[in-house]
Novice: 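I'd like to ask you about the structure that follows.
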Amino acid sequence: MNIEQSGKNLILHGVKDFYISHTFDCGQCFRWDRLDSCSYIGVAMGKALKIRQIDDKLIFFDTNFNDYYDVWEKYLDLSRDYGKIKRVLSTNDSILAKSVRFGGGIHILRQDAWECMISFIVSSSNNIPRIKKIIASLAENFGGKIEYMGNVYHSFPAPQALAKLSLDELSVIRAGFRDKYILAAAKAVASGRLDIYGLDSLPLDKAKAKLLEIPGIGNKVADCILLYGLAKYECFPVDVWMKRIMEYYYFQSERKISDVVSFSREKFGSLSGFAQQYLFFYGRENKIGTSG
DNA sequence: CTGCAGGCCGGCG
DNA sequence: CGCCGGCCTGCA
């Protein structure tokens, strides 16, 4: 992989095991919008970015080396050897082998843990279009302005910016019953009671217990925060979709969510989170479980 | 118009 | 413990 500046754009050549369409459409993030078949625009880590992929070439529009190395390389997880992960997961597992072939460009984004926490609180009993709308509204109303390529975008608001709001002020984002959870989470982080960015240095069980103290965060939401925001790759978040997908491919009958989680973590070990992403993308794109 | 969406919480047996 | 109804809102 080599990188060059071309005018205002940055171009990465020789990209392997990464496709933006796989990565942005496998359910882990909510702030990227598809512009056309090979381009997306989004906001992450306080920066806006338009990105285009043509085969093994990635174009970062209006970006410099500093932003690439400080922000995007880590966020997009571009320095990890996904080829190795895919080989290990594909061994002796024909379902995963197919999933990996199908969604071979998936990366697990290293998202901001705080944004991740609020995003997955919002995801509870909700659908993706509305989740995206609520998070966009949160940023537009309470986040900072970002000027980029002649347009204005908005960063995800800081904990302090949300913690000082009343329920009434927050109601503009139309989050419904989740509004009180958002405020509680913001207050916990803003006050220092929850050191969200320090959780990655704790053992998994300790970190998870801390998250579960926040109202609105249960087992599934906690696993999402740990996996997508805190790089705890042994997590295997199971929502209703993953439950159906695992039942369809591995059990051929119904299982409790807790049993699906323990089975998967036992089977996939430290690569559980990666396995979950490949299976989720494969199952959903093949419409597994869309009607029972 | 009823039903329901990428869960969580609280009450009950 | 496990099970189940209710929850905001928007959209089919």
Side-chain angles (χ1 to χ4, degrees), chain A residues 22-34 99 103 106 108-109 111 115-138 140-141 162 165-188 194 208-229 232 235-249 254-262 264 272-292:
Chain A
H22 293 175
T23 295
F24 293 148
D25 287 332
C26 65
Q28 59 180 325
C29 57
F30 303 103
R31 292 211 73 193
W32 291 91
D33 295 316
R34 193 185 194 114
S99 302
I106 292 174
I108 294 186
L109 298 171
Q111 301 181 60
E115 175 174 344
C116 212
M117 174 164 71
I118 298 302
S119 298
F120 282 94
I121 285 174
V122 168
S123 78
S124 168
S125 185
N126 214 338
N127 55 63
I128 290 173
R130 188 155 85 109
I131 297 166
K132 290 183 74 168
K133 200 180 279 185
I134 290 170
I135 295 168
S137 174
L138 208 44
E140 279 161 30
N141 283 286
L162 298 186
L165 300 174
S166 65
L167 277 176
D168 191 54
E169 289 170 311
L170 190 59
S171 68
V172 296
I173 67 168
R174 313 295 290 164
F177 64 85
R178 306 162 194 84
D179 56 3
K180 52 189 175 295
Y181 302 145
I182 295 171
L183 272 193
K187 283 176 179 165
L194 174 64
K208 187 161 178 173
K210 284 285 189 187
L211 289 172
L212 291 173
E213 288 175 15
I214 306 295
I217 299 182
N219 223 316
K220 189 268 176 179
V221 169
D223 278 347
C224 287
I225 301 165
L226 290 162
L227 178 58
Y228 308 131
K232 298 289 191 184
C235 288
F236 192 93
V238 176
D239 55 27
V240 293
W241 293 97
M242 266 320 285
K243 179 175 180 294
R244 291 176 202 145
I245 288 165
M246 292 299 289
E247 286 168 348
Y248 181 86
Y249 287 121
E254 289 203 21
R255 288 290 187 283
K256 289 185 296 182
I257 285 182
S258 57
D259 290 339
V260 175
V261 174
S262 51
S264 305
S272 292
F274 301 98
Q276 192 267 6
Q277 290 291 282
Y278 292 121
L279 289 165
F280 183 87
F281 187 71
Y282 182 61
R284 281 214 68 170
E285 298 289 314
N286 288 290
K287 311 247 185 273
I288 300 303
T290 45
S291 62

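No experiment lies behind these values; they were computed from the predicted model shown. Residue numbers begin at 1 in each chain, while the letters A, B, ... track the order of the sequences.
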Novice: To the nearest angstrom, how far is A/Arg178 atom CZ from B/dA5 atom P?
Specialist: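 After rounding, the reported distance stands at 13 Å.
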
Novice: Using atom CG of A/Leu211 as one end and atom C1' of B/dC8 as the other, report the distance to the nearest whole Å.
Specialist: 15 Å

Novice: Between A/Ile214 and A/Asn126, just flag the one whose closest nucleotide in DNA chain B comes earlier from the 5' side.
Specialist: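 The residue closer to the strand's 5' end, by nearest nucleotide, is A/Asn126.
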
Novice: Expressed in angstrom and rounded to an integer, what is the separation of A/Trp241 atom CH2 from B/dA5 atom C1'?
Specialist: 9 Å

Novice: Going by an N to O cut-off under 4.0 Å, is there a salt bridge joining A/Asp223 and A/Lys208?
Specialist: yes

Novice: Across the strands shown, which category fits A/Lys180 at heavy-atom distances under 4.0 angstrom: base, sugar-phosphate, nothing?
Specialist: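 It contacts sugar-phosphate atoms only.
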
Novice: For a quick check of understanding: with a heavy-atom distance under 4.0 Å over all strands, which category does A/Pro215 fall into, base, sugar-phosphate or nothing?
Specialist: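 Sugar-phosphate: the residue A/Pro215, judged by heavy atoms under 4.0 Å, touches backbone atoms but no base.
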
Novice: In Watson-Crick or G-U wobble terms, both distances under 3.5 Å, what is the partner of C/dC7?
Specialist: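 When the pairing criteria are applied, B/dG7 turns out to be the nucleotide that pairs with C/dC7.
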
Novice: To the nearest angstrom, how far is A/Lys132 atom NZ from B/dA5 atom P?
Specialist: 20 Å

Novice: Would you check if the side chain of A/Arg178 reaches a backbone N or O of A/Ser125 as a donor-acceptor pair within less than 3.5 Å?
Specialist: yes

Novice: How many whole angstroms separate atom CG of A/Leu212 from atom P of B/dG10?
Specialist: 13 Å

Novice: Please report, rounded to the nearest Å, how far the P atom of B/dG7 is from the CG atom of A/Asn127.
Specialist: 10 Å

Novice: Across all strands shown, which nucleotide pairs with B/dT2 by Watson-Crick or G-U wobble geometry, both distances under 3.5 Å?
Specialist: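 Pairing partner: C/dA12.
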
Novice: Rounded to the nearest angstrom, tell me the gap between atom CD1 in A/Ile257 and atom P in B/dC8.
Specialist: 8 Å

Novice: Do the charged groups of A/Asp33 and A/Lys132 touch, with an N to O distance under 4.0 Å?
Specialist: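 Salt bridge: yes.
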
Novice: Between the base of B/dG7 and the side chain of A/Ser124, is there a donor-acceptor distance below 3.5 Å?
Specialist: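 Answer is yes: a donor-acceptor pair is held.
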
Novice: Provide the distance between the two C1' atoms, one in B/dG6 and one in C/dG2, to the nearest whole Å.
Specialist: 23 Å

Novice: Measure the distance from CD1 on A/Ile131 to C1' on B/dA5 and round it to the nearest whole Å.
Specialist: 9 Å

Novice: Is any N or O donor-acceptor pair between the side chain of A/Arg174 and the base of C/dT9 shorter than 3.5 Å?
Specialist: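 Check fails, no donor-acceptor contact within cut-off.
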
Novice: Of the listed nucleotides (C/dC8, B/dG6, C/dC11), which one gets closest to any side-chain atom of A/Arg130?
Specialist: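 Selected nucleotide (nearest to the side chain): C/dC8.
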
Novice: How is A/Asp179 classified with respect to the nucleic acid when contacts are heavy atoms under 4.0 Å: base, sugar-phosphate, or nothing?
Specialist: nothing

Novice: For atom P, what is the distance between C/dC8 and B/dG11, given to the nearest Å?
Specialist: 15 Å

Novice: For A/Tyr248, is the OH atom crowded, meaning more than 12 foreign heavy atoms sit under 6.0 Å from it?
Specialist: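 12 or below, so no.
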
Novice: Among the nucleotides C/dC3, C/dC11, B/dA5, which one has an atom lying closest to any side-chain atom of A/Ser125?
Specialist: B/dA5

Novice: Counting side-chain heavy atoms from CB outward, which of C/dC8, B/dA5, C/dG2 is closest to A/Phe177?
Specialist: C/dC8

Novice: Base, sugar-phosphate or nothing for A/Gly27? Non-hydrogen atoms, less than 4.0 Å.
Specialist: base

Novice: Between A/Asp239 (side chain only) and A/Trp241 (backbone N and O only), is there a donor and an acceptor less than 3.5 Å apart?
Specialist: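 Checking the backbone N and O of A/Trp241 against the side chain of A/Asp239, a donor-acceptor pair under 3.5 Å is found.
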
Novice: Centroid-to-centroid, A/Phe30 to A/Phe120, below 6.0 Å?
Specialist: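 That pair passes the under 6.0 Å test.
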
